[in-house]
Amino acid sequence: MRARRVGLLWAGFSLAALVSIALVLRRSDRLSDLHIYHGALADLRAGRPLYEYVADNGGPFTYPPFAALVLWPITALPLGVVEALWLAATCAAVVAIAVPVGRALAAGHTVAPARRPDQGAARARMSTPVLVAAVATILMLSAPVQSNLRFGQVSIFIVLMALLDGTAAPSRVRGVLIGVAAAIKLTPLLFVLYFLACGRYRDAARASATFVACGALALVFLPTESLTYWAGTVAQTSRIGNLASLGNQSVHGMLLRLGMDERSLPLVWAALVAGICALALLRARRLAGQGHPGHAAVLVGCATVAASPVSWTHHQVWTVLAAMLLVGSVGVTRRLAGVALLASMVLSLGAVLGPVSTRPGVQFLFENARTLGVGVLCVAGFGAVAVVAGRPGPPATSRRAWLRAAVASLGVLAFFAVQPLPAGADPTFKAYRLADVANPRYFFVCRGPVECVRYGTDAPVTFDTRSEKTKVRVNGVVADHVARLDYHSAPGGPPRTIPLLAAYPGVRTFSFRSATMVHGRLVAYAADGRPLAEYADELAAARSPS
């Protein structure tokens with residue numbers, strides 16, 4: 001029976017992998033990050049600067065120069081061959097990650113009461129193949145792995161190296177894989193602090209020495225690129241993309257979406273990150289001391305996701321692993337938390353549940369569920385009880401536990417429902433400029449001087465809306481006495497000033513887009529700052545994308 005179960009799970013994994021690869025290959029923008037690596041290194045081989053490369057989609061090469069050395073062999077192969085090998089390697093990495101996680105689940109998995117302790121241990125060991133197959137299948141279906149496949153990302157391999165270092169590396173080389181991973185992508189450096197917190201000074205020294213050695217190797221072979229990167233490029237996070245995008249599920253990204261003041265943002269972010277990382281490292285040290293290195297490594301990995309200024313979806317493999325460890329733990333609350341976190345990592349709650357949310361606070365909760373979930377996990381940890389097998393309590397106790405979990409969940413929803421939080425988690429927002437006027441998709445109310453003059457009225461603002469799959473567009477003209485036009489995306493959020501464009505003689509037009517207009521409010525002001533008109537119901541009536 002167990003062998004059949006394992007076979008079915010691996011068949012499910014294979015099917016999910018094949019379908020995922022087929023869907024990736026059908027995309028016109030498939031493996032765009034891999035194309036950046038390939039194009040940037042091809043330019044480097046031709047003598048052009050690595051960090052001045054810009055792909056067709058606008059993406060630059062953002063990793064340390066040692067990553068260029070590691071990726072150098074891909075330029076020796078045709079791009080089609082590189083794509084096939086990369087997709088296969090990504091699927092293999094998923095399986096390799098599932099092995100230590102499945103073992104960690106088996107070691108802390110709740111087993112049925114046995115007459116002798118050795119029987120319970122045997123059952124736990126026997127369940128390992130099933131758990132490994134289940135972890136691999138769920139991981140393949142998660143958004144982070146799908147994102148790694150779609151973009152051709154290195155993130156999955158960084159997670160694999162860090163996890164293997166924390167769970168399977170021999171003691172004499174422990175820390176080396178962390179050093180190599182950090183030289184390719186900086187976030188694993190947090191594991192060095194974890195080693196220090198655990199008193200594993202030799203491991204910390206090996207990781208640091210390996211990181212420095214890799215950097216020195218890059219300096220020898222790529223001196224110009226090394227100096228360029230470490231002298232300034234490393235701090236230019238804006239090169240990576242729009243950090244306020246919903247895809248950036250880090251604490252920094254969430255604060256940006258809150259519209260926090262630029263002067264306060266660095267201090268608030270640093271304080272939150274310091275607290276989150278300190279608690280995560282302390283709890284990881286406790287887990288490691290109790291003989292659960294897999295849980296400890298995953299917890300530290302989750303701290304890197306929360307703390308990094310940029311944590312795109314493909315970085316969040318750690319969160320999926322943490323969710324599965326919670327699902328396999330003891331206690332109703334922890335299991336429910338694991339299910340909720342896993343659901344947020346497989347589905348986009350903001351997109352799936354957004355249409356049923358009528359409050360900006362709940363919308364904010366859904367759209368930032370991954371950030372909030374990984375933050376709570378880092379602060380609370382898995383807990384000692386969560387990774388130790390134990391007997392289930394009596395039925396009455398279990399019913400009370402379910403009731404407490406349900407009340408707590410409803411309390412969280414109620415709290416966010418009454419919050420005037422901005423629906424600033426709106427990565428689609430954009431106000432168009434004069435150069436965009438010729439695009440009929442952006443400016444659809446009037447498309448020429450005669451039409452615009454006829455469209456204008458004595459009203460301060462005259463506009464129309466257009467709903468698309470993921471956004472709503474607003475386009476119109478303003479009267480002469482309007483000096484400023486502000487758009488409020490939701491209560492409590494900072495207004496966004498909409499440019500008034502003198503596209504044609506005697507006419508000023510405007511255009512912007514937003515994810516939803518449910519809580520939108522457009523306010524026109526006179527030159528003296530006096531409000532002239534406010535439009536809210538007209539925006540709310542616009543059909544928001546579902």
Side-chain angles (χ1 to χ4, degrees), residues 12-40 55 57 59 61-63 67 70-71 74 79 81-101 135-164 177 180-182 184-188 240-241 245-250 253 297-298 301-302 304-305 308 310-324 341-342 344-348 370 374:
F13 169 83
S14 301
L15 179 62
L18 291 173
V19 171
S20 299
I21 290 174
L23 292 175
V24 167
L25 293 176
R26 289 184 61 187
R27 298 180 65 95
S28 60
D29 61 345
R30 65 180 182 270
L31 301 165
S32 55
D33 285 353
L34 179 60
H35 291 180
I36 292 175
Y37 309 154
H38 194 275
N57 64 357
F61 188 85
T62 59
Y63 301 133
V70 174
L71 294 169
I74 68 174
L79 186 56
V81 175
V82 173
E83 289 180 349
L85 291 175
W86 197 277
L87 290 169
T90 300
C91 294
V94 171
V95 175
I97 288 172
V99 173
V101 175
V135 168
T137 304
I138 295 171
L139 195 55
M140 177 57 69
L141 295 172
S142 68
V145 168
Q146 292 294 313
S147 183
N148 272 274
L149 285 168
R150 173 187 170 185
F151 292 106
Q153 253 290 329
V154 301
S155 299
I156 190 78
F157 306 109
I158 301 299
V159 172
L160 175 59
M161 284 191 285
L163 190 60
L164 291 179
L177 282 176
V180 174
I184 297 172
K185 212 164 189 174
L186 299 178
T187 50
I240 303 173
S245 165
L246 276 180
N248 181 18
Q249 288 286 311
S250 66
V298 169
C302 287
T304 68
V305 173
S308 175
V310 185
S311 292
W312 300 125
T313 303
H314 51 75
H315 297 150
Q316 298 158 24
V317 176
W318 290 113
T319 314
V320 184
L321 303 181
M324 287 189 280
L341 187 57
L342 188 59
S344 74
M345 299 311 300
V346 174
L347 306 171
S348 175
R370 295 175 183 175
V374 76

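Treat the numbers as computed from the prediction; the structure is a model and nothing was measured.
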Quiz prompt | Any donor-acceptor N/O pair, Ser147 side chain to Ala143 backbone, under 3.5 Å | solution = no
Quiz item: In Å and rounded to the nearest 0.5 Å, what is the OG to CG distance from Ser20 to Leu141?
Solution: 7.0 Å
Practice problem: Please round to the nearest 0.5 Å and tell me the distance separating atom CE of Met345 and atom CD1 of Ile138. | Solution: 13.0 Å
Quiz item: Is Asp33 paired with Arg150 through a side-chain N to carboxylate O contact shorter than 4.0 Å?
Solution: no
Quiz item: What do the steps show when you test Leu149 against Cys91 for side-chain contact (heavy atoms from CB on, under 4.5 Å), and what is the final call?
Solution: CA-CA 8 Å; Leu149 285 168; Cys91 294; 4.3 Å; yes
Quiz item: Taking side chain as C-beta onward, heavy atoms only, is Pro188 less than 4.5 Å from Val180?
Solution: no
Exercise. Taking the side chain as every heavy atom from C-beta outward, state whether Leu163 and Val101 have any pair of such atoms under 4.5 Å apart.
Key: yes
Quiz item: Between Tyr37 and Phe61, what is the ring plane arrangement, given parallel below 30°, perpendicular above 60°, and tilted in between?
Solution: perpendicular
Exercise. Mind checking the CG-CZ spacing from Leu23 to Arg30? Nearest 0.5 Å is all I need.
Key: 13.0 Å
Quiz item: Does the Asn248 side chain pair with the main chain of Trp312, one donor and one acceptor, at a distance under 3.5 Å?
Solution: no
Self-check item: Heavy-atom side-chain proximity of Ile156 to Ile97 below 4.5 angstrom
Solution: yes
Quiz item: Heavy atoms, side chains only, cut-off 4.5 Å: are Thr319 and Pro144 in contact?
Solution: no
Quiz prompt | Min side-chain heavy-atom separation Leu87-Leu25 under 4.5 Å | solution = yes
Quiz item: Of Gln153, Gln249, Lys185, which is the lone residue that meets side chain to side chain donor-acceptor pair (under 3.5 Å) with His315?
Solution: Lys185
Practice problem: Pick out which of Asn148, Thr90, Ile184 makes a side-chain contact (heavy atoms from CB on, under 4.5 Å) with Phe157. | Solution: Thr90
Quiz item: Can you tell if the side chain of Val320 reaches within under 4.5 Å of the side chain of Gln316, non-hydrogen atoms only?
Solution: no
Practice problem: Any chance you could lay out the side-chain contact (heavy atoms from CB on, under 4.5 Å) test for Val310 and Thr62, step after step, and finish with the verdict? | Solution: CA-CA 12 Å; Val310 185; Thr62 59; over 6 Å; no
Quiz item: Side chains of His35 and Glu83: does their closest heavy-atom pair fall under 4.5 Å?
Solution: yes
Quiz item: Less than 4.5 Å apart, any side-chain heavy atom of Val154 and any of Val70?
Solution: no
Practice problem: Given side-chain contact (heavy atoms from CB on, under 4.5 Å), test Gln146 with Met140 step by step and report yes or no. | Solution: CA-CA 7 Å; Gln146 292 294 313; Met140 177 57 69; 4.2 Å; yes
Self-check item: Phe151 ring center within less than 6.0 Å of Trp86 ring center
Solution: no
Quiz item: Step by step, would you call Val95 with Phe13 a side-chain contact (heavy atoms from CB on, under 4.5 Å)?
Solution: CA-CA 9 Å; Val95 175; Phe13 169 83; 3.5 Å; yes
Exercise. Rounded to the nearest 0.5 Å, what's the gap from CG on Leu34 to CD1 on Ile74? Could you check?
Key: 5.5 Å
Quiz item: CG of Leu342 to OG of Ser142: how many Å apart, nearest 0.5 Å?
Solution: 8.0 Å
Quiz item: So, Ser308 side chain and Ser311 main chain: donor-acceptor pair closer than 3.5 Å or not?
Solution: no
